Colleague: 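So that we are looking at the same thing, I have put the structure below in structure tokens.
So that the names make sense, note that chain A is the first sequence line, chain B the second, and so on, each numbered from 1. Being a predicted model, the structure only gives us computed values, none of them experimental.
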Number of protein chains: 2
Amino acid sequence: MSTVGIKLRELREKTGLSLRKAAVQVDIDVAILSKMERGERKFTKEIIIRLSELYNFNPENLIIDFLSEKVVYDLKDEEFGLKALKVAEQKIKYNKAN
Amino acid sequence: MSTVGIKLRELREKTGLSLRKAAVQVDIDVAILSKMERGERKFTKEIIIRLSELYNFNPENLIIDFLSEKVVYDLKDEEFGLKALKVAEQKIKYNKAN
DNA sequence: TAAGTGTTGACATTAGTTGTCAAAGATAAA
DNA sequence: TTTATCTTTGACAACTAATGTCAACACTTA
């Protein structure tokens, strides 16, 4: 399940745009946007941002969802996934501090 | 920097195996193992496990390092990286519970 | 020299992602 | 029903990234 897709579909509908029109606005093929909204293809950060602008919506939470889905994908079915997450957190904090 | 590579190189040297011999044992090309140890190519989980067996070493921490490096790679330079990590953690905990 | 070590780069192969397109199916209005 | 508009689907091409293969290089030691 892709929360990002569901949310962006809701936003599009709220904005009153058809798939075709939204796709044209952000310069991608209709088919791709359709698949992205339904989770059949991955969004890119770039497209999320362009769509957010189109829908006049703050992209922060969408990007967080997008990134977290990537991470979950890497770690799904991994016995040590949570431990790896903790280590990753330390590394990122350390990097930020420098 | 790849901690996994450094550790596996140390383990190999401690075991007294040359690159060539270790590579033959785990059935990969010498060039690849050389590059993996130096972080020029990515390890796979499979190779880490095979090498750990060869060196008679518990792979758990190596795998955790390996996975965390993947995650860090996904989130490096991301403004909301830490937030995404938190969300990912919740999702994984939720998945585990079910 | 000769044998062993690790490194490098060029290249082919493979796998995965992304883009393009046409057609089909669904829905609603005329 | 016809027409228009919409979304979904699948086949395919194009592109990119990952992986494997190989030969040669430089260095050290016997």
Side-chain angles (χ1 to χ4, degrees), chain A residues 1-52 54-55 62-63 65-78, chain B residues 1-52 54-55 62-63 65-78:
Chain A
M1 55 86 172
S2 160
T3 12
V4 181
I6 294 168
K7 288 181 186 168
L8 279 170
R9 167 151 294 189
E10 285 172 3
L11 284 168
R12 176 174 61 79
E13 288 170 347
K14 223 177 269 178
T15 311
L17 284 172
S18 72
L19 257 189
R20 269 176 213 288
K21 286 179 182 164
V24 168
Q25 293 292 321
V26 299
D27 194 34
I28 55 174
D29 193 277
V30 207
I32 293 178
L33 183 55
S34 168
K35 287 168 186 167
M36 283 176 166
E37 284 186 352
R38 285 171 302 107
E40 199 183 311
R41 290 228 182 160
K42 293 171 198 157
F43 279 98
T44 64
K45 203 180 143 193
E46 191 47 39
I47 297 295
I48 292 174
I49 290 171
R50 294 219 289 271
L51 287 171
S52 294
L54 182 62
Y55 306 148
L62 290 172
I63 291 172
D65 281 342
F66 166 70
L67 293 173
S68 71
E69 279 168 22
K70 249 204 271 193
V71 170
V72 169
Y73 182 83
D74 279 347
L75 300 184
K76 72 173 189 312
D77 309 327
E78 288 292 344
Chain B
M1 54 87 170
S2 160
T3 11
V4 182
I6 293 168
K7 287 181 187 169
L8 279 170
R9 167 150 294 190
E10 285 172 4
L11 283 169
R12 177 174 59 76
E13 290 169 345
K14 224 177 267 179
T15 312
L17 283 171
S18 72
L19 257 188
R20 282 191 163 76
K21 285 180 181 162
V24 168
Q25 292 292 322
V26 299
D27 195 34
I28 57 173
D29 193 276
V30 206
I32 293 179
L33 184 54
S34 169
K35 286 167 186 168
M36 283 176 166
E37 284 186 350
R38 284 170 304 108
E40 198 182 312
R41 289 230 185 158
K42 292 172 199 154
F43 279 98
T44 65
K45 202 179 143 194
E46 191 46 40
I47 297 294
I48 292 173
I49 290 171
R50 293 220 288 271
L51 287 171
S52 294
L54 182 60
Y55 306 148
L62 290 172
I63 290 172
D65 281 342
F66 166 70
L67 292 173
S68 72
E69 278 169 22
K70 249 204 271 193
V71 171
V72 169
Y73 182 83
D74 279 348
L75 300 183
K76 70 171 190 314
D77 310 325
E78 287 293 345

Colleague: What residues in residues 44-51 of chain B put a non-hydrogen atom under 4.0 Å from any atom of DNA chain D?
Modeller: none

Colleague: In whole angstroms, how far is the P atom of C/dG4 from the CG atom of B/Leu19?
Modeller: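 Answer to the nearest Å: 15 Å.
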
Colleague: Return the CD1 to OG1 distance between A/Ile32 and A/Thr44, rounded to the nearest 0.5 Å.
Modeller: 10.0 Å

Colleague: Nearest whole angstrom, please: distance from the C1' of D/dG20 to the CZ of B/Phe43.
Modeller: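 Checked: the CZ to C1' distance equals 16 Å.
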
Colleague: Rounded to whole Å, please give me the gap between CE in B/Met36 and C1' in D/dG20.
Modeller: 10 Å

Colleague: State whether the side chain of A/Arg41 and the backbone N or O of A/Lys35 hold a donor-acceptor pair below 3.5 Å, judged by distance alone.
Modeller: no

Colleague: As an exercise, state the distance from CD1 of B/Ile49 to CG of B/Leu54, rounded to the nearest 0.5 Å.
Modeller: 13.5 Å

Colleague: Ignoring hydrogens and angles, write down the donor-acceptor pairs under 3.5 Å from the side chains of residues 14-25 of chain A, residues two or more places apart or on other chains.
Modeller:
residue: A/Thr15; atom: OG1; partner: A/Leu11; partner atom: O; Å: 2.6
residue: A/Ser18; atom: OG; partner: A/Lys21; partner atom: N; Å: 3.1

Colleague: Step by step, work out the side-chain contact (heavy atoms from CB on, under 4.5 Å) result for B/Leu51 and B/Arg12.
Modeller: CA-CA 8 Å; B/Leu51 287 171; B/Arg12 177 174 59 76; over 6 Å; no

Colleague: Kindly point out which of C/dT17, D/dC6, C/dG6 is positioned nearest to the side chain of B/Arg9?
Modeller: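 Of the options given, the side chain of B/Arg9 lies nearest C/dG6.
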
Colleague: When all nucleic acid strands are considered with a 4.0 Å heavy-atom cut-off, which category describes A/Ser34: base, sugar-phosphate, or nothing?
Modeller: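 Base, at least one base heavy atom under 4.0 Å.
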
Colleague: Please report the distance, rounded to the nearest Å, between CD in A/Glu40 and C1' in C/dT18.
Modeller: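 My rounded result for the distance is 13 Å.
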
Colleague: CG of B/Leu62 to OH of B/Tyr55: how many Å apart, nearest 0.5 Å?
Modeller: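 Reported value, rounded in 0.5 Å steps: 10.5 Å.
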
Colleague: Whole angstrom is fine here: how far is it from CG in B/Asp27 over to P in D/dT19?
Modeller: 16 Å

Colleague: Is A/Glu69 reaching over with its side chain to a backbone N or O of A/Lys42, donor-acceptor style, under 3.5 angstrom?
Modeller: no

Colleague: At less than 4.0 Å, is any side-chain N or O atom of B/Arg12 found next to OP1 or OP2 of C/dG6? Yes or no.
Modeller: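 Affirmative; the distance criterion is met.
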
Colleague: What's touching nucleotides 20-25 of chain C from the protein side, N or O pairs under 3.5 Å?
Modeller:
none

Colleague: Can you tell me how far P of C/dT5 sits from CD of B/Glu37, to the nearest Å?
Modeller: 13 Å

Colleague: May I ask you to decide if A/Ile63's main-chain N or O and B/Glu78's side chain share a donor-acceptor pair within less than 3.5 Å?
Modeller: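 Checked: no pair found.
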
Colleague: Determine, stepwise, if the pair A/Leu33 / A/Glu37 fulfils side-chain contact (heavy atoms from CB on, under 4.5 Å).
Modeller: CA-CA 6 Å; A/Leu33 183 55; A/Glu37 284 186 352; 4.2 Å; yes

Colleague: Check this one for me: any side-chain N or O of A/Ser18 less than 4.0 Å away from OP1 or OP2 of D/dT5?
Modeller: no

